[in-house]
There are 2 protein chains.
Amino acid sequence: MTRKVQARTLATRDRLLAAGREIVTVSGMAGLRTEEVVLRAGTAKGTFFAHFTDRDHFLAALLAESLAGELAPLGAPQDRAALMRVLERVYVLFAADAETVALLARFSGPAGAGLGLDRLICEVVDRLAEGLGMMQARGEVGARARPEVLAEGLMALIFHAAASAQCGMHGDAVAVRARADRLLVEMAEALLWP
Amino acid sequence: MTRKVQARTLATRDRLLAAGREIVTVSGMAGLRTEEVVLRAGTAKGTFFAHFTDRDHFLAALLAESLAGELAPLGAPQDRAALMRVLERVYVLFAADAETVALLARFSGPAGAGLGLDRLICEVVDRLAEGLGMMQARGEVGARARPEVLAEGLMALIFHAAASAQCGMHGDAVAVRARADRLLVEMAEALLWP
DNA sequence: TCCATAAATTGACTTTGGTCAATATTGCAG
DNA sequence: CTGCAATATTGACCAAAGTCAATTTATGGA
């Protein structure tokens with residue numbers, strides 16, 4: 001017989017996530033140790049892995065929390081300029097650091113179902129598609145593809161630009177970033193050309 | 001004073017890579033243990049890490065070897081049909097498994113400089129751009145962006161489709177794959193529309 | 001209230017990636 | 001050929017993720 005989730009369970013999960021949040025703000029995702037998480041949360045190691053499949057799933061949950069707060073305010077863009085602002089904003093969030101890029105690559109698709117990240121991305125795509133549909137109706141954007149396809153294409157460009165912007169240990173990080181940025185804009189223009 | 005690379009060094013590196021190749025064909029990338037690699041190669045653990053930064057860099061080197069053999073035969077596509085065949089081929093190679101997708105996401109950009117993967121991708125992009133340039137001249141493909149930009153955009157779409165095709169533990173893997181496949185084609189058409 | 005059992009938690013233990021001071025081998029100048 | 005400095009190799013050791021049998025705690029029916 002299957003029972004309802006205990007309040008205790010949710011409380012423990014929240015304590016773990018809160019601990020994770022604290023650590024990430026101080027040491028970044030790369031510096032997060034599960035030992036330290038359970039220490040701060042006041043649980044045993046096993047509890048951590050009873051709640052989250054592995055370290056990466058935990059980080060993905062933290063990232064989803066954090067991105068949700070940033071992405072929620074972004075509504076459907078009403079014109080080309082607003083669209084480009086949204087793309088730029090999402091790109092900046094996604095390219096924040098190498099960990100973020102890796103987590104998004106791994107969990108933003110169907111593989112991340114149930115973690116929050118996938119739904120988050122879907123919502124952004126839906127809002128983009130909504131805006132694109134209106135722009136297509138006004139002839140502001142080409143109608144060579146359905147709005148949903150265009151929206152997903154734009155997300156693909158953002159992911160790619162974010163990945164490209166992750167320059168390992170080069171000194172020319174700024175140049176690489178600028179190039180990725182420009183590429184995103186040029187490709188978006190090509191895709192949207194009326 | 002800096003000396004020339006010893007033959008011994010290259011031999012050791014080759015033994016490690018050969019061992020890795022064997023293991024991957026049997027157990028896949030996820031099943032590769034560094035212990036087993038050095039056991040088969042007949043070296044100490046430390047030698048492995050003297051040659052490769054970490055396990056992922058080693059896997060990236062293996063992947064680069066393997067992809068090089070597959071990508072080299074692909075010339076510059078002469079027309080739209082040939083272009084779509086190349087895209088499909090590259091997509092299939094990249095979407096082979098979750099490890100491949102993750103490695104490409106991490107090392108195909110500037111972060112993977114010197115590992116071979118980045119150059120491999122660049123070569124494909126260059127050949128695509130070459131073909132696209134000719135097609136643009138014939139009016140077969142839209143000239144809304146420079147050929148190099150279009151080529152990189154197409155690679156972005158391939159990466160995205162490959163990532164989307166990685167369905168964790170769902171039974172509907174086939175449906176997900178088909179959706180990713182269709183998306184790639186539709187977005188490519190939108191980008192190339194004359 | 002009481003008990004059977006599902007669910008949650010524990011922490012010692014295992015696995016595995018990665019380090020490093022010590023050692024062995026090689027290239028090269030004299 | 002010889003000695004020395006650069007390079008390569010070694011393997012014991014460490015750090016941290018992840019496991020699991022045992023234990024505790026909550027739930028819902030009788």
Side-chain angles (χ1 to χ4, degrees), chain A residues 1-20 22-24 26-63 98-99 102-103 106-107 115 168-169, chain B residues 1-20 23-24 26-63 98-99 102-103 106-107 114-115 168-169:
Chain A
M1 226 277 260
T2 154
R3 291 173 181 174
K4 72 175 177 187
V5 240
Q6 300 176 16
R8 177 176 57 149
T9 309
L10 296 176
T12 304
R13 192 189 146 90
D14 283 350
R15 287 212 317 282
L16 288 168
L17 286 171
E22 285 174 23
I23 296 170
V24 165
V26 175
S27 321
M29 290 193 174
L32 180 139
R33 301 294 101 121
T34 58
E35 292 278 11
E36 199 186 339
V37 175
V38 298
L39 193 74
R40 289 206 189 210
T43 71
K45 194 123 172 231
T47 304
F48 180 97
F49 290 99
H51 282 262
F52 302 93
T53 311
D54 58 24
R55 183 176 170 279
D56 280 2
H57 280 73
F58 180 68
L59 287 176
L62 285 177
L63 182 61
E99 312 295 318
L103 286 173
R106 183 162 165 208
F107 293 118
L115 283 169
M169 37 236 67
Chain B
M1 226 275 258
T2 154
R3 292 174 180 176
K4 72 177 179 189
V5 246
Q6 300 178 16
R8 178 176 57 150
T9 309
L10 297 176
T12 304
R13 192 190 147 90
D14 283 349
R15 285 213 317 283
L16 288 167
L17 287 171
I23 296 169
V24 166
V26 175
S27 320
M29 290 192 173
L32 180 140
R33 301 294 101 121
T34 58
E35 293 277 12
E36 199 187 337
V37 174
V38 298
L39 192 74
R40 288 205 190 213
T43 72
K45 193 118 168 239
T47 304
F48 180 97
F49 291 99
H51 282 262
F52 302 94
T53 311
D54 58 23
R55 182 177 172 277
D56 279 1
H57 280 71
F58 180 68
L59 286 177
L62 285 178
L63 182 61
E99 311 295 319
L103 287 173
R106 182 163 166 208
F107 293 119
L115 283 169
M169 37 237 64

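These values consider heavy atoms only, across backbone and side chains, with no hydrogens, waters or symmetry-generated copies. None of the values given here were measured: they were computed from a predicted structure. Sequence lines set the chain letters: A, B, ... in the order given, protein chains first and strands last, and positions in each chain run from 1.
- Straight-line distance from the CD1 atom of A/Ile23 to the P atom of D/dA16: 12 Å, rounded to whole Å.
- Rounded to whole Å, the distance from CD on B/Glu36 to C1' on C/dT15 is 14 Å.
- When distances are taken from the side chain of A/Arg55 to each of C/dG18, D/dG18, D/dT10, the shortest belongs to D/dG18.
- Ring pair A/His57/A/Phe107: centre-to-centre distance below 6.0 Å.
- When all heavy atoms of B/Leu16 and B/Val37 are compared, the pair lying nearest together is O-CG1, 3.8 Å.
- A heavy atom lying under 4.0 Å from DNA chain D marks the following residues of residues 47-54 of chain A, by number: A/Phe49, A/Asp54.
- Here the OG1 atom belonging to B/Thr9 is positioned 6.0 Å from the NE2 atom belonging to B/His51, to the nearest 0.5 angstrom.
- Contact between the side-chain N/O atoms of B/Thr12 and the OP1/OP2 oxygens of D/dA8 is not found at any separation under 4.0 Å.
- Listed nucleotides C/dA12, C/dT9, C/dT10 differ in distance to A/Lys45; the shortest reach to its side chain belongs to C/dA12.
- Minimum heavy-atom separation, B/Thr43 to B/Thr12: CG2-CG2, 4.0 Å.
- Spacing between atom CD of B/Glu35 and atom P of C/dT14 amounts to 16 Å, rounded to whole angstrom units.
- Using a 4.5 Å cut-off on side-chain heavy atoms (C-beta onward), B/Thr47 and B/Val38 make no contact.
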Original post:
After noting the C-alpha distance and the side-chain angles of B/Thr34 and B/Phe58, does the key distance pass the side-chain contact (heavy atoms from CB on, under 4.5 Å) rule?
Top reply: CA-CA 9 Å; B/Thr34 58; B/Phe58 180 68; over 6 Å; no
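- With rounding to whole Å, A/Leu32 atom CG is found 15 Å from D/dA15 atom C1'.
- With rounding to the nearest 0.5 angstrom, the CE atom of A/Met29 is 4.5 Å from the CG atom of A/Leu63.
- Among all heavy-atom pairs drawn from B/Arg40 and B/Ala19, the shortest one is CB-CB, 3.7 Å.
- Taken from CZ in B/Arg33 to CZ in B/Arg55, the straight-line distance is 6.0 Å, to the nearest 0.5 Å.
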Heteroatom pairs (N/O) under 3.5 angstrom, protein to nucleotides 4-7 of chain D:
{"unit_1": "D/dA5", "atom_1": "N3", "unit_2": "B/Arg3", "atom_2": "NH2", "d": "3.3"}
{"unit_1": "D/dA6", "atom_1": "O3'", "unit_2": "B/Met1", "atom_2": "O", "d": "3.4"}
{"unit_1": "D/dA6", "atom_1": "N3", "unit_2": "B/Arg3", "atom_2": "NH1", "d": "3.4"}
{"unit_1": "D/dT7", "atom_1": "OP1", "unit_2": "B/Arg3", "atom_2": "N", "d": "3.4"}

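- When each of B/Asp56 and B/Ala7 is assigned the nucleotide of DNA chain C with its nearest heavy atom, B/Asp56 is the one assigned upstream, toward the 5' end.
- Put simply, A/Thr34 has a side-chain N or O that comes within less than 4.0 Å of OP1 or OP2 on D/dA17.
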